[in-house]
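To start, the structure itself, in structure tokens.
Indexing begins at 1, ligand by ligand and atom by atom, following the structure's order.
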Amino acid sequence: MIEKLHDRSPLFAKSSQPTPAAIRKAAGIIRKGGLVIIPTETVYGLAANALDEKAVERIFLAKNRPKNNPLIVHIHQLEQVYQIAEYFPQAALKLAANFWPGPLTLVLPRRPSFPSIVTAGLQNVAVRMPAHPVARRLLRQCRLPVAAPSANLFGEISPTQISHVSSQIRSHASMALNGGPCRVGIESTVISFVENKPVLLRPGGLPLEAIESCIGSVIIPAAEKRAGRGSPGQIGRHYAPGTPMVVISEGQLLPVTGRFGVLRFSTESPTGNAVAVETLSADLCKAATDLFASLKKLDEAGLDLIVVYPVSEDGFGRGIMDRLIRGCRDQSLDEPDAPKK
Ligand code: TXA
Ligand code: MG
């Protein structure tokens, strides 16, 4: 079942497929405690052996990531869940059977023997089986659970192409595997199974509707309540470009002065005097794929402001709007100990 799902996922340009020797080398680096930049179908990750505390420490250092922000553990076989989690609730197993490998992360009760540095001391652990063929081959060769956050500096936009990985992250990694542009483009959907009912901790690359059609309704906490539910990564300002950003509604007026850029999902949305415009597809699955690359382009255009048109918060729109709203810098939800930009 799982292999079949994998076979159905669209593949990547042959030219960007690392050789078997490169994947073997990367697996060796991870096994010895080094860091490797890896492609996944959602975003690029910064990978280390989840069982090696020193290696995991290096991830936090490379990203300037606060130690209270837990990491996702990546696996290639369902059976590995039992080495990481204390138990596998029926509904979580059902989601895994239907959507793994894929852009879905399950938060489960942690086995006491599993390194707590990975989970930031929490009793729960986040697990995901990625679908990208390079990630799958690498994980198979590692024969270890692999901790991998997105390969960006803390609070910044996640890379969806190898060329978008910052020099700081590269300088901490011993190797980077190029798997081409990421097909999904936003991070995995995170669902927690440690309360009485499943809880959405992060909308992402697997639409909530698909999850609910499989296991029934899921609790959707307000964004500012997610941190209190064990997901401190869900702080307000995150996925943020360096340029101030604002989401406006269709009726609202654009600025009349200043160097501003526009991110929109329809050629009909007015752009006024914008000096840079990025138009994403009205097909929000496609828009998600290109979202971070477009934000990055606008961020590099020397603008005073990025003006974003909203999309409806269902399907892929839920994950897109989550990233856009949290990318606006002047929100009041900032975590007190988050590094200031
Ligand atoms: O698509 C993805 O999930 C990517 C690729 C590389 O797999 N990874 C990713 O990792 O986005 P990161 O570290 O950037 O985001 C992990 C999110 C954070 O919001 C974090 O708070 C949450 O997952 N998380 C991780 N472990 C958790 C836990 N034990 N309990 C609750 N939330 C957790
Ligand atoms: Mg991240």
Side-chain angles (χ1 to χ4, degrees), residues 36-48 50 56 59-60 62-75 84-86 99-111 114-132 134-136 138-139 145-160 165 169 177 179 182-195 198-206 221 223 226-240 288 292 319 322-323 326-327 335 338:
V36 177
I37 296 162
I38 63 162
T40 84
E41 76 281 20
T42 56
V43 300
Y44 274 79
L46 182 62
V56 175
I59 290 183
F60 285 97
K63 280 181 61 89
N64 302 336
R65 182 170 173 129
K67 285 272 184 60
N68 68 351
N69 194 340
L71 306 176
I72 296 174
V73 182
H74 295 66
I75 58 171
I84 299 166
E86 191 70 339
F99 300 113
W100 275 358
L104 169 71
T105 294
L106 303 173
V107 174
L108 307 171
R110 169 173 72 92
R111 273 207 155 205
F114 193 78
S116 65
I117 184 174
V118 176
T119 69
L122 294 171
Q123 301 306 311
N124 311 316
V125 60
V127 192
R128 161 163 130 80
M129 188 190 290
H132 193 295
V134 173
R136 285 187 61 73
L138 176 75
L139 290 168
V146 166
S150 49
N152 52 285
L153 297 180
F154 180 73
E156 296 190 356
I157 300 172
S158 302
T160 52
V165 178
I169 298 281
L177 292 174
C182 301
R183 165 174 62 89
V184 175
I186 56 173
E187 299 81 355
S188 60
T189 302
V190 181
I191 304 280
S192 169
F193 285 92
V194 300
E195 298 185 34
V199 178
L200 175 71
L201 289 183
R202 178 175 72 183
L206 181 65
R226 290 187 212 140
R229 289 186 121 108
S231 204
Q234 301 300 306
I235 59 159
R237 197 195 71 223
H238 215 81
Y239 312 107
F292 288 152
D322 173 78
R323 305 307 184 271
R326 292 201 287 133
E335 193 180 27

Is any N, O or S atom of Ser150 under 2.8 Å away from the Mg ion (ligand 2)? yes
Near Leu201, which atoms of ligand 1 are under 4.0 Å from a heavy atom of that residue? 31 (C), 32 (N)
State the atoms of ligand 1, each with its element, that fall below the 4.0 Å cut-off from a heavy-atom position in Ala126. 25 (C), 26 (N), 27 (C), 29 (N)
Give the contacting part of Arg202 toward ligand 1: side chain, backbone, both or neither, where contact means a heavy-atom distance below 4.0 Å. side chain
List ligand 1 atoms under 4.0 Å from Ser150, heavy atoms only on the residue side. 8 (N), 9 (C), 10 (O), 12 (P), 14 (O)
For Gly179, does its backbone N or O pair with a side-chain atom of His132 as donor and acceptor, under 3.5 Å? yes
What distance do Arg323 atom CZ and Ser158 atom OG have between them, rounded to the nearest 0.5 Å? 7.5 Å
Checking contacts here: is it the side chain or the backbone of Leu71 that comes within 4.0 Å of ligand 1, counting heavy atoms only? Could be both or neither. backbone
Please check this pair: side chain of Tyr44 against backbone of Asn152, looking for a donor-acceptor N/O pair closer than 3.5 Å. no
Side-chain contact test, heavy atoms from C-beta onward, threshold under 4.5 Å: evaluate it for Ile191 versus Leu104 and give yes or no. yes
Location of contacts on Pro70 toward ligand 1, heavy atoms closer than 4.0 Å: both
For ligand 1, which atoms sit closer than 4.0 Å to a heavy atom of Ser188? 1 (O), 2 (C), 3 (O)
Test of proximity, Thr42 against ligand 1: N or O pairs below 3.5 Å: yes
What is the distance from atom CG of Leu138 to atom OG1 of Thr40, rounded to the nearest 0.5 Å? 12.0 Å
For ligand 1, which atoms have a heavy atom of Asn124 less than 4.0 angstrom away? 29 (N)
Quick check: does Arg128 get an N/O under 3.5 Å from an N/O on ligand 1? yes
Below 4.0 angstrom from a heavy atom of Gly45, which ligand 1 atoms are there? Numbered from 1 as shown, please. 6 (C)
Backbone, side chain, both or neither: what part of Val125 comes under 4.0 angstrom of ligand 1, heavy atoms only? backbone
So, using salt bridge (charged side-chain N to carboxylate O under 4.0 Å, His left out) as the criterion, who are the partners of Arg128 when residues are at least two apart? Glu41
Say whether, by atom type as modelled, one donor and one acceptor occur between the side chain of Thr42 and the main chain of Glu187 under 3.5 angstrom. no
Between Ser188 and Thr105, is there a side-chain donor-acceptor contact under 3.5 Å, judged purely by atom types and distance? yes
Going from CG on Leu108 to CG on Asn124, what distance comes out if it is rounded to the nearest 0.5 angstrom? 8.5 Å
In terms of atom number and element, which parts of ligand 1 are under 4.0 angstrom from non-hydrogen atoms of Glu187? 1 (O), 2 (C), 11 (O)
Please determine whether any non-hydrogen atom of Ala148 lies less than 4.0 Å from an atom of ligand 1. yes
If you take all heavy atoms of Pro130 and Pro101, which pair is closest and at what distance? O-CB, 3.2 Å
For ligand 1, note which part of Arg65 has a heavy atom under 4.0 Å away: side chain, backbone, both or neither. side chain
Could you tell me, atom by atom, which parts of ligand 1 come under 4.0 Å of a heavy atom of Asn69? 20 (C), 21 (O)
Is there a donor-acceptor pair under 3.5 Å between the side chain of Lys63 and the backbone N or O of Leu46? no
If I apply the N/O under 3.5 Å rule, does Thr40 come out as touching ligand 1? no
